[in-house]
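Scope of the values below: all heavy atoms of this structure, side chains included, with no hydrogens, waters or symmetry mates. First the proteins, then the strands, lettered A, B, ... as listed; each starts at 1.
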Amino acid sequence: MGGGARPPSAKVRPLPFTVATWNINSVRLRLPIVAQLLESERPDVLCLQETKCRDAEFPVSAIRKLGYEHVEISGQKGYHGVAILSRWRLDAATRRGFCAKGDARHICARFADGPAKDVTLHNFYVPAGGDEPDPVVNEKFAHKLAFVDEMRDWFAADGVANQRAILVGDLNIAPLEHDVWSHKQLLKVVSHTPVEVEKFVAARAAGPWFDAMRKFVPEEEKLYTWWSYRAADWRASDRGRRLDHVWTSMDLAPAAASLRVLKDARGWDRPSDHVPVLTTFDF
DNA sequence: ATGGTGGTCCTACCA
């Protein structure tokens, strides 16, 4: 420190790199607003969830025409489905089937070049879990809990978050008090029950993963990424939840440089009930 | 107040 000679500055300015995630609730129906996002924000990569179509039905050529040449998809008919749309070359993607169900809920790819070269990106769509927060009577809630347990075990065993990794997606759990509009009123509502939150925190700690969104918004401030379709006026009532997340491996926590939650997208034409979350990294 | 809306794909099921 102090008077020593500086090393030759190989890198004067960090290279910004923006990762976007969005539960699109049908990529075919909402291709116009996907294009709107890609054209207006130009993220380096966009992870989609709930694409709701088979791979052969995914609008790959339209996406490529928008400058996102590298497209990796994991789809199924009518339900679920995840995709990675990238301006940068990707190594071959991998897909993990959770709970031995064959649902298309995870895809993973590694950047082959660019500012994020060798960074691994995981894109998740965690089961919503139905309405009744009791795994004994509600098989969908039992599935959700088992899915998050399996995430935890995988992260712990395989060092998924050891280094240079980012995890995004619709995790369908709002863990913090101010990740929901009313902590008290949602304690028995699936997405904010104590049993889910406990498993969510255990899975994150198993990485260990860093909650990159809360680096930018203090835990005492409300932060939402989803507003129900059922509200008469979603903006006025503002009964949101933070269901979408951005996690990084611990070594990348300092690289996370800014966050934007595009709340206005909830008011776009034929909107998804989720909005895009954009995280910029300085690599 | 115990619904409300919006997807897929045709009859319910899922979010």
Original post:
Which pairs count as salt bridge (charged side-chain N to carboxylate O under 4.0 Å, His left out) when at least one residue sits in residues 264-283 of chain A, sequence neighbours excluded?
Top reply: Arg235(A)-Asp264(A)
**OP:** List for me each residue that meets ring-ring contact (aromatic ring centres under 6.0 Å, His included) alongside Phe141(A), sequence neighbours excluded, and say none if there are none.
**Re:** none
**OP:** Taking atom types as modelled, find out whether Ser191(A) and Arg241(A) have a side-chain donor-acceptor pair closer than 3.5 angstrom.
**Re:** yes
Original post:
In terms of the nearest nucleotide of DNA chain B, which residue is placed more toward the 5' end: Tyr229(A) or Ala128(A)?
Top reply: Tyr229(A)
Original post:
What's the verdict on ring pair (Phe, Tyr, Trp, His ring centres under 6.0 Å) for Tyr125(A) and Phe147(A), showing C-alpha distance, side-chain angles and the deciding distance?
Top reply: CA-CA 10 Å; Tyr125(A) 175 53; Phe147(A) 191 103; 8.8 Å; no
Subject >> Pairs flagged by salt bridge (charged side-chain N to carboxylate O under 4.0 Å, His left out) wherever residues 84-94 of chain A is involved - sequence neighbours left out >> reply: Arg89(A)-Asp113(A), Asp91(A)-Arg110(A)
Original post:
Taking only N and O in the side chain of Arg241(A), is any of them less than 4.0 Å away from OP1 or OP2 of dA15(B)?
Top reply: no
Original post:
Counting N and O atoms only, with roles assigned by atom type, does the side chain of Ser249(A) sit under 3.5 Å from a partner on the main chain of Arg164(A), one being a donor and the other an acceptor?
Top reply: yes
Subject >> Watson-Crick or G-U pairs under 3.5 Å in DNA chain B, rendered as dot-bracket with [ ] for crossing pairs and | for another strand >> reply: ....((((...))))
Subject >> C1' spacing across the pair dA15(B) / dC9(B), given as an integer number of angstrom >> reply: 16 Å
Original post:
Taking for each residue the nucleotide of DNA chain B bearing the nearest heavy atom, is the 5' side occupied by Ala231(A) or by Arg54(A)?
Top reply: Ala231(A)
Subject >> Rounded P spacing from dG7(B) to dG3(B) in Å >> reply: 22 Å
Subject >> Any Arg30(A) side-chain N or O less than 4.0 Å from OP1/OP2 of dG6(B) >> reply: no
Original post:
For DNA chain B, what residues of residues 72-81 of chain A have any heavy atom nearer than 4.0 Å?
Top reply: Lys77(A), Gly78(A), Tyr79(A)
Original post:
Taking the inter-plane angle between the rings of Phe200(A) and Trp247(A) on a 0 to 90° scale, is it parallel (under 30°), tilted (30 to 60°) or perpendicular (over 60°)?
Top reply: perpendicular
**OP:** Considering just the side-chain nitrogens and oxygens of Arg270(A), establish if one lies under 4.0 Å of OP1 or OP2 belonging to dG7(B).
**Re:** yes
**OP:** With sequence neighbours excluded, tell me which residues meet side chain to side chain contact (heavy atoms under 4.5 Å, CB included) with Ala206(A).
**Re:** Arg152(A), Phe155(A), Ala156(A)
